[in-house]
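Step one of this worksheet: look at the structure below.
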Amino acid sequence: MSNFSFLDNDFPAIADSAKRAEMYAPYDPRSACFYGRRTLELVVNWLYDHDSAFRRPYDPQATLATLMHERSFEQNIPLGVRQKAHTVRKLGNLAVHDTRPVRQLESATVLKEVFQVLYWLARTYQQDNRAVLPVHFDPRLIPASPEEQQEASKASLQKLEADLAARDKQAQELLAREAALKAELDAMRAQVTASKQRNARVPDEHDYSRTEQETREVIIDLLLREVGWDPAGENVAEYPVTGLAGSPSGKGRVDYVLWGDDGNPLAVVEAKRTSKDSKAGKQQAVNYADCLEASYGQRPLIFYTNGYDIWLWDDARYPERKLQGFLTKDEMQRAVQRRRSAQDLAQVSIDQDIVNRYYQTEAVRRVNARFSQQFRKALLVMATGTGKTRTAIALVDVLMRAGWVKRVLFLADRKALVDQAVGAFKRHLPASSPVNLLSDKEAAESRLVVSTYHTMMGLIDARYENDTRLFGVGHFDLIIVDEAHRSIYRSFGAIFDYFDSLLVGLTATPKDEVDRNTY
């Protein structure tokens, strides 16, 4: 017996992969996490192949992360299930790419999360709606640990991952060549749609939630480690504070305090269980920030999260906003320092050697005014040939000199435009040290990075050897989007959803013809 036997009839390949994860769990957590992610890959590809509601990205090399951030995927998967799938993906990545030992906790979590995802899959798409699904994951069904088995090496799993990826690619190519299968595939999709509609008539009362402690140990700790924080570090977790509003004793414990190199608090993190709204911890986090500000004289950034929804409130500068991860120490320090060092943009001169036409300087002033009013996005509509790139360069110059931005990402849709942009920045703003990410993959730390959308999409999930992210959510302070049309956002919206930055779009499309989604 297995926790995944209920998949044998309708999803045999997925069941086999899940059972492998279950088999390895007692003695080889790394392999268990790997097969958990492999199971998730099979599920995601099954959905794109069988349910017409899922629209596969046009990029044939799309990664699992890209597939899971595609609009149709996010629209058709319930939030709770989607969150669990991302946990499996991240822990699977950790197992394959990180050199640190993988704990039993991670493998146990992967099994439970995979079970929940597969429960949803079977409940939604099973052909026999009379089949009884197991409501709970039963750890007693995990096979006993065979003493002769040894933990798989990281290298062997990476080789296995590459072999499976090659096999999957061959299978996709074979399927594409077999035009005769189209009629059968259409019929199968119709059957899947009918099963989905029939099963949807029955309310889903399954409990997909987890405890607050599990949320912290499995999800939040992982997200913090991804950007270089040590959740087990000194004075990080359960930090005691006094003078706490709303507490009879005036005492409390902050779930996490993240500290700067100077010994001052950079951020507080208030955690809630996954079934709760993240914003339920907002006031509590504010109270903790008040205590730390009173003790240290520095107001920390305020985070509140249920592990899946992460909110940041820098209440000294901006309204609260939703993030896809935490900031690094360097990014937090920059955010706190800007409260004191950022200059009034209206008082910073515009370099007339970069732009000298009235409408160009007016465009820079308008964007500066918008950012000064706590908005974080702006769209410049300028006709072809009026100097959009030079206007953007002048804007970057002002924001850098004013202390508003340190790192900038300029995105274009073709290599030729990337080359042109790099050349323009070198001529008009050489101090920005522009680099072409297409030819210099080691340029992540540069002040000004120029890239195509495709390249950046492929690097969002990239990591260093120590498993920290190549680009954290706060890596760039400003992103400039060349040719910011609706089609760009539809295809590459995950970039703008991921990065927490000021955003400027450039377009030559007249306002009356711009689709509202561009704005």
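Numbering of residues begins at 1 and proceeds along the displayed sequence.
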Next item on the list: Establish, yes or no, whether a centroid distance under 6.0 Å links the rings of Y256 and Y239.
Entry: no
Note to self: For the backbone of N93 and the side chain of H97, can you confirm whether one donor and one acceptor N or O come within less than 3.5 Å of each other?
What the structure shows: no
Checklist line | Cation-pi geometry met for R370 and F375 (6.0 Å, 45°) | finding: yes
Item checked: V336 to Q298 - nearest heavy-atom pair and separation -> CG1-CD, 3.7 Å
Checklist line | Q343-Q347 side chain donor-acceptor pair, cut-off 3.5 Å | finding: no
Margin query: Working note: W120 + K84, criterion side chain to side chain contact (heavy atoms under 4.5 Å, CB included); need CA distance, chi angles, decisive distance, verdict.
Written below: CA-CA 11 Å; W120 172 85; K84 293 180 179 301; over 6 Å; no
Next item on the list: Would you please name every residue forming a salt bridge (charged side-chain N to carboxylate O under 4.0 Å, His left out) with K272, sequence neighbours left out?
Entry: E270
Note to self: One pair to check against side chain to side chain contact (heavy atoms under 4.5 Å, CB included): M456 and L411. What are the steps and the verdict?
What the structure shows: CA-CA 8 Å; M456 184 51 64; L411 291 170; 4.1 Å; yes
Next item on the list: Could you check if a side-chain atom of L380 sits within less than 4.5 angstrom of a side-chain atom of T391, using non-hydrogen atoms only?
Entry: yes
Margin query: If you define the side chain from C-beta out and look only at heavy atoms, does anything of M332 sit under 4.5 Å from L258?
Written below: yes
Note to self: Using only atom types and a distance under 3.5 Å, with no angle test, would you say the side chain of T274 pairs donor to acceptor with the backbone of N306?
What the structure shows: no
Margin query: Which residues pass the side-chain hydrogen bond (donor to acceptor under 3.5 Å, both in side chains) test with R401, not counting sequence neighbours?
Written below: D397
Notebook entry, point to check: Can you list the residues that meet the side-chain hydrogen bond (donor to acceptor under 3.5 Å, both in side chains) rule with Q360, with sequence neighbours excluded?
Noted result: none
Next item on the list: Verify, without hydrogens or angle tests, whether S501 (side chain) and L478 (backbone) share a donor-acceptor contact under 3.5 angstrom.
Entry: no
Checklist line | Side-chain heavy atoms of F410 within contact of L417, under 4.5 Å | finding: no
Check: Run the side chain to side chain contact (heavy atoms under 4.5 Å, CB included) check on L91 and V110 step by step: do they pass?
Finding: CA-CA 7 Å; L91 289 174; V110 164; 3.7 Å; yes
Notebook entry, point to check: Taking only residues two or more places apart in sequence, or in another chain, which ones meet F303 in a ring-ring contact (aromatic ring centres under 6.0 Å, His included)?
Noted result: F326
Note to self: Quick one, I310 and Q324 - any side-chain contact, counting heavy atoms below 4.5 Å?
What the structure shows: no
Next item on the list: For the residue pair Y453 and F492, categorise the inter-ring angle as parallel (less than 30°), tilted (30 to 60°) or perpendicular (more than 60°).
Entry: parallel
Next item on the list: Could you tell me whether Q374 atom CD has more than 12 heavy atoms of other residues or ligands within 6.0 Å of it?
Entry: yes
Check: If only atom types and distance count, is the side chain of S72 paired as donor or acceptor with the main-chain N or O of R55 below 3.5 Å?
Finding: yes
Checklist line | E226 side-chain N/O to G472 backbone N/O, donor-acceptor pair under 3.5 Å | finding: no
Note to self: Could you tell me if the side chain of I460 sits less than 4.5 Å from the side chain of L470, heavy atoms only?
What the structure shows: no
Notebook entry, point to check: Is the shortest distance from a Lys or Arg side-chain nitrogen in E331 or R334 to a carboxylate oxygen in the other one below 4.0 Å?
Noted result: no
Next item on the list: Please check if the distance between the ring centroids of H475 and F499 is under 6.0 Å.
Entry: no
Note to self: Tell me whether R339 at atom CZ has more than 12 heavy atoms from other residues, nucleotides or ligands lying less than 6.0 Å away.
What the structure shows: yes
Item checked: Which residues share a salt bridge (charged side-chain N to carboxylate O under 4.0 Å, His left out) with D344, sequence neighbours left out -> none
Next item on the list: Any pair with a residue in residues 63-77 that passes salt bridge (Lys or Arg N to Asp or Glu O under 4.0 Å), sequence neighbours left out, goes on the list, sorted by first then second residue, please.
Entry: R71-D497
Next item on the list: Using modelled atom types only, decide if a donor and an acceptor are shared between the side chain of S446 and the backbone of V449 within a distance under 3.5 Å.
Entry: no
Next item on the list: Kindly say whether E41 contributes a backbone atom to a donor-acceptor pair with the side chain of N45 at under 3.5 angstrom?
Entry: yes
Item checked: S295 side-chain N/O to L292 backbone N/O, donor-acceptor pair under 3.5 Å -> no
Check: Between R321 and D314, is there a salt bridge with N-O shorter than 4.0 Å?
Finding: no
Check: Is a side-chain donor-acceptor pair under 3.5 Å present for Q283 with N287?
Finding: yes
Note to self: Give me the atom names and distance for the closest heavy-atom approach of L429 to P434.
What the structure shows: O-CD, 4.5 Å
Note to self: So which atom in L345 and which in A402 form the shortest heavy-atom distance, rounded to 0.1 Å?
What the structure shows: CD2-CB, 3.6 Å
Notebook entry, point to check: Would L121 and V81 satisfy side chain to side chain contact (heavy atoms under 4.5 Å, CB included), going step by step from the backbone distance to the final call?
Noted result: CA-CA 10 Å; L121 178 75; V81 177; over 6 Å; no
Check: Between the main-chain N or O of L67 and the side-chain N or O of Y48, is there a donor-acceptor pair closer than 3.5 Å?
Finding: yes
Check: Quick one: does Y498's side chain have a donor or acceptor within less than 3.5 Å of a partner on F471's backbone?
Finding: yes
Item checked: Between H136 and H206, ring centroids under 6.0 Å -> no
Next item on the list: For D309, enumerate each residue passing the side-chain hydrogen bond (donor to acceptor under 3.5 Å, both in side chains) test, keeping only those at least two apart in sequence or located in another chain.
Entry: K322
Margin query: Are there over 12 heavy-atom neighbours, none belonging to K388, within less than 6.0 Å of that residue's NZ?
Written below: yes
Next item on the list: Locate the shortest heavy-atom distance separating I480 from A392; write the atom from each residue and the value.
Entry: CD1-CB, 4.0 Å
Check: What heavy-atom pair brings L223 and G307 nearest, and what distance separates the two atoms?
Finding: CD1-O, 3.8 Å
Note to self: Which heavy atom of C291 sits nearest to which heavy atom of V241, and what is that distance?
What the structure shows: CB-CB, 4.0 Å
Notebook entry, point to check: Using 30° and 60° as the class limits, which term best fits the ring planes of F137 and F115: parallel, tilted or perpendicular?
Noted result: perpendicular
Next item on the list: Check ring-ring contact (aromatic ring centres under 6.0 Å, His included) between W404 and all other residues, then give those that pass, not counting sequence neighbours.
Entry: none
Item checked: For D477, the option from K406, R407, R338 that meets salt bridge (Lys or Arg N to Asp or Glu O under 4.0 Å) -> R338
Item checked: Within-4.5 Å side-chain heavy-atom neighbours: L438 and S451 -> yes
Notebook entry, point to check: Which residues satisfy the side-chain hydrogen bond (donor to acceptor under 3.5 Å, both in side chains) test with S341, sequence neighbours excluded?
Noted result: none
Item checked: Residue pairs involving residues 242-257 (criterion salt bridge (Lys or Arg N to Asp or Glu O under 4.0 Å); sequence neighbours excluded) -> R216-D255
Next item on the list: Decide yes or no for W259 and K329: does some side-chain heavy atom of the first lie under 4.5 Å from some side-chain heavy atom of the second?
Entry: no
Item checked: T361 vs R365 side-chain heavy atoms within contact, under 4.5 Å -> yes
Margin query: Can you list everything that forms a ring-ring contact (aromatic ring centres under 6.0 Å, His included) with F371? Sequence neighbours excluded, please.
Written below: none
Margin query: Within 45 degrees of the ring normal and closer than 6.0 Å to the centroid, is that where the cationic atom of R38 sits relative to F34?
Written below: no
Margin query: Ring of W311, cation from K279 - is the NZ or CZ under 6.0 Å from the centre and inside 45° of the axis?
Written below: yes
Note to self: According to salt bridge (Lys or Arg N to Asp or Glu O under 4.0 Å), does anything in residues 294-303 pair up with another residue at least two apart or in another chain? List the pairs.
What the structure shows: D290-R299, E293-R299, R299-D315
